[in-house]
Number of protein chains: 2
Amino acid sequence: MAMKALSRATIYQVAQLAGVSIATVSRALRDSDLVTQATRERVLAAARELRFTPSRPARSLAEGRHAANGIVFPDLVGPYYAEVVLGYEAAAAGFGSSVLILATNGRPDAEQAVRDLAGRVDGLTVMGQTVGDDVVDELQATGLPLVLLARDPVPGVDTVRAQNTRTARELAGHLVAHGHRKFVFLGDPGSAPDIAGRYAGVQAGLTAAGVARAHLVPLPGFDLEVGEAADIGDADAVVCANDEIALGVLLAAERAGRRVPEDLAVTGWDDLLAARFAGLTTVRQPMRELGATAARWLHRRITQPGAGAKRRILPTQLVVRRSCGSHPPEEVAT
Amino acid sequence: MAMKALSRATIYQVAQLAGVSIATVSRALRDSDLVTQATRERVLAAARELRFTPSRPARSLAEGRHAANGIVFPDLVGPYYAEVVLGYEAAAAGFGSSVLILATNGRPDAEQAVRDLAGRVDGLTVMGQTVGDDVVDELQATGLPLVLLARDPVPGVDTVRAQNTRTARELAGHLVAHGHRKFVFLGDPGSAPDIAGRYAGVQAGLTAAGVARAHLVPLPGFDLEVGEAADIGDADAVVCANDEIALGVLLAAERAGRRVPEDLAVTGWDDLLAARFAGLTTVRQPMRELGATAARWLHRRITQPGAGAKRRILPTQLVVRRSCGSHPPEEVAT
DNA sequence: TTGAAAGCGCTACCAA
DNA sequence: TTGGTAGCGCTTTCAA
């Protein structure tokens, strides 16, 4: 038996109270210009009196659209995804679309959850390693407008990413210039395309500089604790997949009595607020802008179906602070 | 004219392909046990072949429920709200409910946006100063299950909050014990009940310690920049409404050549990751738990209507670091 | 300018 | 165990 969660007034009651038909109520409420001013006022008054709010499911069913879109992101840990999602919401709100969020972090039924979500929205942004390309293809086959975010492109689908490889290369070069030679990369390139790009860039930068490749330590996660527990061996430079890992390494180094940057260089990625206060050299990503761009593109796809697939790589920026080696003060960002 | 955003298969097509009625399809899909195994398999095969996903609006309309709930939060700035929302999502996912998010930050049509949202969900969590109590009352009058989060209680509505006043009092006492006497409070108590509670607690603590009341500087916001620009006069202790403001004060102090904590004590609120690395004394809030509790309570309200209104104040914890005055090392948290 | 009525796609009741 | 069918509340023709 259906459990009625809502017991709100319906258009029929408004119509009755206003002494008109439901068609007229509908018109008056959606300010169609096919209603007399007098009629409209009568209807609005009745609606107000009954605290009428149109049923969204009924409306969606009749209109064939949801007036909502969704974003799927991998994990809840850390400020990175949060910022992206918040940038997304702000942009989506701008064109009157509700936002549904779905975190797939270690959810066993992620694929099904995404499919369910797909049934509630006019379009979907899929971020990072949440579901496989097979699911993306499947969604695309249903004609659902899609945008990929921080994820490898799929033919025919819009993709928004941040620059990874190139800036990672720059970072590696910078570290080599500081005199570092024994590199470790902390993070699992297989866990996300972003990380793979950073890893590739670092190796490319080292190779270009004629330095031995970094030793890869594929950590099982991306948070502070994982960084603290990481075994960095006798490296003199630790390039971390993100800031949280790097901050963990910083804490561990301090405990172990290794000075940063004198004994050990450490770098992160994301430029979290904490990086600034930890003096951590890192790479700034336009997180809000990533989310906002995805939302805008999705809206375009929904309203203008058939447009060609777009791809964009948003620039990232090396932020040099203390942790990578000593600099004249004026060169160091805060 | 209705723009069909979705062109997915319907239950009728599945029924036809499987050679059964739509009623049977419905049953087979919702694994009612009133279908033969053979029939079910035939239906499922047909559904798979057509990539059938039930229309959520149709389902919601027929069932009279949305299988979704929403959370309204004030602002996107900073990691605080993000953490709360993420805790909320995780808990809601636990009982199979989709989550809609709505940020009211400076939105002129916030009230209407909340009303619209209310039409899409089985229940709503309203956080902080997003909309007035009149809107809350109005929502409650429609019978929509509601939970208030970090907000002053309204009769008949569940409320989840964090401890503010008491811990603020403790914080004030701690600062006085360090010898500080000229206090400034940075932040606007009128902007949110949380802030009002912290302000009241600080004043109460100072009064109890026989120290002059803090000078109130009601800042226009809660971010780093606002903190950096704040005029703290000749205070020797600055109690900030949140960590971001405090971090801004730290930066400004450094630029002005004032040493912390020797010349100036600074405290925050939230215990962001950055606070740890800035050596900032602050108060830790159970942000994820706030969100998760709200989600759980809302679920309870939805599934068990008529339960009495609950209230809970989650404990917060003073985290002493360097910025409030000198301590023996072992007393200081990291 | 308004009303009547046919869907939108599904659930669940009532018969068979 | 299945099918027929009456809604769920709204939008949008088509007539009046």
Side-chain angles (χ1 to χ4, degrees), chain A residues 1-43 46-47 50-68 116 118-120 122 142, chain B residues 1-44 46-47 50-67 116 118-120 122 142:
Chain A
M1 192 208 65
M3 182 185 56
K4 298 274 298 183
L6 308 177
S7 58
R8 315 212 254 78
T10 74
I11 201 174
Y12 287 92
Q13 302 173 37
V14 177
Q16 182 162 36
L17 183 58
V20 296
S21 73
I22 61 163
T24 300
V25 174
S26 179
R27 293 190 192 102
L29 258 35
R30 339 188 63 248
D31 28 51
S32 148
D33 46 348
L34 300 100
V35 253
T36 326
Q37 186 58 23
T39 310
R40 180 193 313 285
E41 276 165 17
R42 210 141 36 86
V43 170
L50 295 172
R51 301 173 184 288
F52 172 74
T53 313
S55 153
R56 198 48 248 190
R59 209 160 176 159
S60 293
L61 185 56
E63 289 181 335
R65 57 182 224 102
H66 303 273
D116 290 350
R120 310 181 151 268
D122 299 320
T142 68
Chain B
M1 193 208 65
M3 182 185 54
K4 298 275 296 185
L6 308 178
S7 59
R8 315 213 253 75
T10 74
I11 201 175
Y12 288 92
Q13 303 173 35
V14 176
Q16 182 163 34
L17 184 56
V20 296
S21 74
I22 61 163
T24 299
V25 173
S26 180
R27 291 189 196 103
L29 258 36
R30 337 187 63 249
D31 30 48
S32 150
D33 46 349
L34 301 102
V35 254
T36 325
Q37 185 59 23
T39 310
R40 181 194 312 285
E41 276 164 16
R42 208 142 34 88
V43 170
L44 293 181
L50 295 172
R51 301 173 183 288
F52 173 75
T53 312
S55 153
R56 197 51 247 190
R59 207 160 177 161
S60 294
L61 185 57
E63 289 181 336
R65 57 183 225 99
H66 302 273
D116 290 350
R120 312 182 150 266
D122 299 321
T142 68

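Letters A, B, ... mirror the listed sequences (proteins, then strands); counts begin at 1.
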Do any N or O atoms of the protein come closer than 3.5 Å to N or O atoms of nucleotides 3-6 of chain C, and which pairs are they?
residue, atom, partner, partner atom, Å
C:dG3, OP2, A:Ser21, N, 2.8
C:dG3, OP2, A:Ser21, OG, 3.0
C:dG3, OP2, A:Thr24, OG1, 2.6
C:dG3, O6, A:Arg27, NH2, 2.6

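The separation between B:His66 atom NE2 and D:dC10 atom C1' is 13 Å, rounded to whole Å. Nucleotide D:dT2 holds its C1' atom 16 Å from the CD atom of B:Gln37, rounded to whole Å. Atoms CG (A:Leu61) and P (C:dG9) sit 7 Å apart, rounded to a whole Å. Distance, B:Glu63 CD to C:dC13 C1': 15 Å, rounded to whole Å. Atoms CZ (B:Arg42) and P (D:dG3) sit 8 Å apart, rounded to a whole Å. The CD atom of B:Glu41 sits 12 Å away from the P atom of D:dT2 (whole-angstrom rounding). Here the P atom of nucleotide C:dG9 and the CZ atom of A:Arg120 are 18 Å apart, to the nearest Å. Residue A:Phe52 contributes atom CZ, which lies 7 Å from atom P of D:dT11 at whole-angstrom precision.
Nearest heavy-atom pair across B:Ala67 and B:Asp122 is N-OD2, 2.7 Å. In terms of heavy-atom proximity, A:Arg27 sits nearest to A:Leu34 at CD-CB, 4.3 Å. Across A:Leu29 and A:Phe52, no two heavy atoms sit closer than the pair CD2-CE2, 3.2 Å. In terms of heavy atoms, A:Gly119 sits closest to B:Arg56 at O-CB, 3.2 Å. Taking each heavy atom of A:Ala58 and B:Leu61 in turn, the nearest pair found is CB-CD1, 3.8 Å. Shortest non-hydrogen contact noted between B:Val20 and B:Thr39 is CG1-CG2, 4.1 Å.
When the nucleotides D:dC8, C:dA12, C:dT1 are ranked by their closest atom to the side chain of A:Leu34, C:dT1 comes out on top.
Dashed line: the shortest gap from a side-chain N or O of B:Ser26 to OP1 or OP2 of C:dT11 is under 4.0 Å. Within the structure, every side-chain polar atom (N or O) of A:Arg56 is placed at least 4.0 Å from both OP1 and OP2 of D:dC10. For the OP1/OP2 pair of D:dC8 and a distance below 4.0 Å, the side-chain nitrogens and oxygens of B:Arg59 include no atom meeting the criterion.
Within 4.0 Å (heavy atoms only), A:Thr39 reaches sugar-phosphate atoms of the nucleic acid but no base atom.
The neighbour count for A:Gln13 CD, taken as heavy atoms of other residues, nucleotides or ligands under 6.0 Å away, is above 12.
Rounded to 10 degrees, the angle between the two end axes of the helix from C:dT1-D:dA16 to C:dA16-D:dT1 is 40°, with five pairs used at each end.
In terms of modelled atom types and a separation under 3.5 Å, the side chain of A:Thr36 and the main chain of A:Ala38 share no donor-acceptor contact.
Between A:Arg30 and A:Ser26, the side chains place no donor N or O within less than 3.5 Å of an acceptor N or O (distance only, hydrogens not considered).
Two residues, B:Thr36 and B:Ala58, neighbour DNA chain D, and the one matched to the more 5' nucleotide by heavy-atom proximity is B:Thr36.
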